[in-house]
2 protein chains.
Amino acid sequence: MATIGDVARVAGVSRSTASYALSGKRAISAAVRRRVEDAVRELGYTPNAGARALATSQTMVIGLLAQFLEDEFAPAMLQYMLGVSDTARELGYDILLSTEADGRNALRRMTDSRMVDGIVLLNVAEHDDRLPILRAAPQPGALVGLPADCTGVDVFDLDFEDAGRLMVDHLHRLGHRELVLVSQPEHVVERGGAYVWRLQNAAIEAARVRGISLHATFASSSQPDVARELGALLDAHPQATGLLVNNEAAAAALPTVLHARGLTAPADLSVVGRYSDEFARTFSLPYSSIESAPDRLGRMAVRELVRRIEGQAGPDEPHVVRFVSPELVDRGSTAAPREG
Amino acid sequence: MATIGDVARVAGVSRSTASYALSGKRAISAAVRRRVEDAVRELGYTPNAGARALATSQTMVIGLLAQFLEDEFAPAMLQYMLGVSDTARELGYDILLSTEADGRNALRRMTDSRMVDGIVLLNVAEHDDRLPILRAAPQPGALVGLPADCTGVDVFDLDFEDAGRLMVDHLHRLGHRELVLVSQPEHVVERGGAYVWRLQNAAIEAARVRGISLHATFASSSQPDVARELGALLDAHPQATGLLVNNEAAAAALPTVLHARGLTAPADLSVVGRYSDEFARTFSLPYSSIESAPDRLGRMAVRELVRRIEGQAGPDEPHVVRFVSPELVDRGSTAAPREG
DNA sequence: GCCCATCGTCGAACCGGTTCGCCAATCGCG
DNA sequence: CGCGATTGGCGAACCGGTTCGACGATGGGC
């Protein structure tokens with residue numbers, strides 16, 4: 001494999017001159033620059049990433065930590081990953097991926113050994129045990145998901161409170177007076193999936209303000225349990241005319257469940273989910289939903305991270321906590337309630 | 001950040017001694033080893049990955065090329081990625097991920113700049129344009145998917161021919177005499193998705209041998225087109241009693257399509273798919289299927305790749321082409337055909 | 001015709017590890 | 001007791017880049 005020394009020899013210049021000719025960081029005569037460039041082509045030279053990283057302490061790699069926990073719905077996570085990966089590439093960075101269940105190990109390895117210039121954490125929990133490690137690391141970090149303590153990192157998330165209000169308001173405006181909210185399983189909440197109760201609390205409060213009733217429930221996040229639970233839920237609340245689904249697995253299972261009971265949305269039941277348009281297409285979900293914008297969140301996180309890596313953000317420019325406003329994508333699954 | 005020089009100074013030894021004490025590649029007295037280890041702990045020392053890569057020409061990183069093409073079903077790809085990622089980590093390697101549509105660029109970048117010790121290519125096409133680049137690279141490569149030319153790489157794939165036969169035989173044995181096979185969209189075939197016609201040809205041949213009729217068709221790989229096409233297909237072949245689905249998107253859409261037409265498997269129609277058990281659970285698919293074993297294939301590819309990287313495979317040990325035998329997972333969606 | 005800038009290039013040092021060759025001290029053994 | 005082998009440690013070189021300081025050759029200004 002050709003090194004810059006080989007390039008220099010073929011071009012008849014010193015190694016440093018070859019380096020400057022390629023980087024343009026010092027003035028180099030046109031003739032020499034041409035000779036160097038020809039040598040590069042002739043030898044098929046590509047700089048050695050490790051050597052460059054050693055010399056510049058820049059790796060042009062971003063670490064991506066995505067945990068595939070049993071109680072998370074994998075296809076939903078994938079879209080965040082793709083948002084991050086695509087954006088990173090556009091900005092000239094590669095992605096070092098960890099899917100380890102214990103993200104702390106991966107994080108330590110990546111940061112301590114300086115394999116990466118920055119870190120993106122997906123699916124961040126209320127008290128995420130990766131955060132202390134990330135804060136102690138010399139590299140900057142960007143999160144998708146809102147933790148209790150945002151110091152030292154840039155944070156991006158959907159505005160789940162607003163999403164909860166939006167769901168309730170939308171159905172209230174159509175005339176619904178009794179709703180059921182299906183959230184992620186309770187142990188996601190216990191593990192610190194704050195977004196679950198952020199949406200839930202806001203929905204409960206909105207229902208209270210409007211004077212309508214809302215039954216907040218949890219459901220499993222895997223098949224086939226979730227289908228059974230959804231059925232039980234519909235049995236338990238026969239008066240409810242609207243269903244709010246903040247649980248991707250439940251949303252994916254819903255068509256089958258409704259069909260089996262002979263129900264149609266919105267004729268028998270109005271339904272609003274919280275998932276991305278891409279997700280809706282993949283699972284053929286015909287329900288209106290709050291767009292969760294995973295690609296956009298991934299993109300924002302990487303953009304800000306790179307700004308910080310490259311020092312365009314001032315060294316003590318304060319960190320950012322930015323919420324994406326939820327938007328309701330109408331797929332025609334809501335209407336005025338059936339006459340009860 | 002602490003370097004090995006710092007460790008050496010604190011331990012009162014030379015840098016080389018510190019290195020040997022940690023690697024164990026030369027005999028070091030117990031006393032010195034302890035002093036070095038204490039220094040490591042005290043300073044929180046972790047070796048710099050770039051420096052080590054430079055010195056050893058080993059990065060302990062594997063490049064993973066996964067293209068998310070529009071006409072592929074993303075959640076299916078994810079399982080291969082996780083199989084690769086998990087296995088790599090078990091063996092001490094990290095994953096450099098590329099999701100670029102143009103895999104050739106990513107491949108060149110990773111191999112030429114020596115960011116990785118080896119490469120895993122997913123979803124390999126018949127005449128995959130990444131292969132020439134991979135062969136020219138100094139790093140070994142492992143593929144998931146069977147190309148026309150397997151020289152210079154290790155190849156792993158499901159035995160799609162066997163899968164096609166298995167599907168047909170299974171339904172034939174139950175008494176079916178007219179079947180429909182739904183494959184991936186035709187442009188997947190044109191792009192070189194050889195597995196599509198490998199399964200299809202074998203199924204056609206098996207049907208011919210058994211003397212039963214089989215209608216081989218293509219269907220879109222995205223919603224909502226695929227649902228419409230499935231409907232048209234069932235209209236076109238009202239006599240068919242068995243449906244073979246070699247198309248993840250079609251399988252995912254099938255429950256809705258059948259429900260809409262008031263059909264039930266296996267009472268009205270026997271169904272056999274080709275997807276993983278994980279996929280079946282995620283999409284609540286109640287159909288028997290040929291297990292596509294993405295995790296296993298990813299695992300095999302990484303295992304063999306690492307063997308080659310670490311030179312346990314002899315330098316001119318011949319390359320491997322290994323097929324996973326398809327197994328039918330019975331989910332009760334097949335039975336004797338309804339009386340026609 | 002002289003002086004000072006500027007331009008273009010080179011040599012050397014450095015980033016942080018690993019590894020080879022060498023040597024002093026210790027050990028075993030006859 | 002002397003000798004060869006072994007053990008444990010050190011110094012230096014190397015991996016392949018980048019970057020700083022120095023320096024000779026021009027060129028412009030007066």
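Lettering of chains follows the sequences in order, A, B, ..., and the numbering in each one begins at 1. Everything numeric here is computed off the predicted structure, so don't read it as measured data.
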Tell me the interatomic distance from [X], atom [atom1], to [N], atom [atom2], rounded to whole angstroms.
X: A/M60; N: D/dG17; atom1: CE; atom2: P; result: 17 Å
X: B/R9; N: C/dG16; atom1: CZ; atom2: P; result: 12 Å
X: B/R114; N: D/dG17; atom1: CZ; atom2: P; result: 10 Å
X: A/L43; N: D/dG17; atom1: CG; atom2: C1'; result: 16 Å
X: B/I4; N: D/dG11; atom1: CD1; atom2: C1'; result: 15 Å

* Asked: Can you tell me how far the CG atom of B/D94 sits from the OG atom of A/S113, to the nearest 0.5 Å?
  -> 7.5 Å
* Asked: Looking at CG of B/L131 and CG of B/L121, how far apart are the two atoms once the value is rounded to the nearest 0.5 Å?
  -> 6.5 Å
* Which of residues 21-32 of chain A have a heavy atom under 4.0 Å from DNA chain D? -> A/K25, A/R26
* Structure fact -> Of all heavy-atom pairs linking A/L65 and A/R130, the shortest is O-NH1, 3.7 Å
* Over all heavy atoms of both residues, which pair between B/L158 and B/L297 is shortest? Give the atoms and the distance, please. => N-CD1, 3.9 Å
Produce the list of close N/O pairs, under 3.5 Å, pairing protein atoms with atoms of nucleotides 11-15 of chain C; give distances to one decimal.
from	atom 1	to	atom 2	distance (Å)
C/dG11	N7	A/S16	OG	3.4
C/dG11	O6	A/S16	OG	3.1

* Are side-chain heavy atoms of B/Y80 and B/N123 found at a separation under 4.5 Å? -> no
* If only side-chain N and O atoms of A/Y45 are considered, is one of them under 4.0 Å from the OP1 or OP2 phosphate oxygen of D/dG17? -> yes
* Are A/D38 and A/R35 close enough for a salt bridge, meaning some N to O gap below 4.0 Å? -> no
* Any Lys/Arg nitrogen of A/D154 or A/R307 sitting under 4.0 Å from an Asp/Glu carboxylate oxygen of the other? -> no
* Okay, side chain of B/Q139, backbone of B/T111: is any donor-acceptor separation there less than 3.5 Å? -> yes
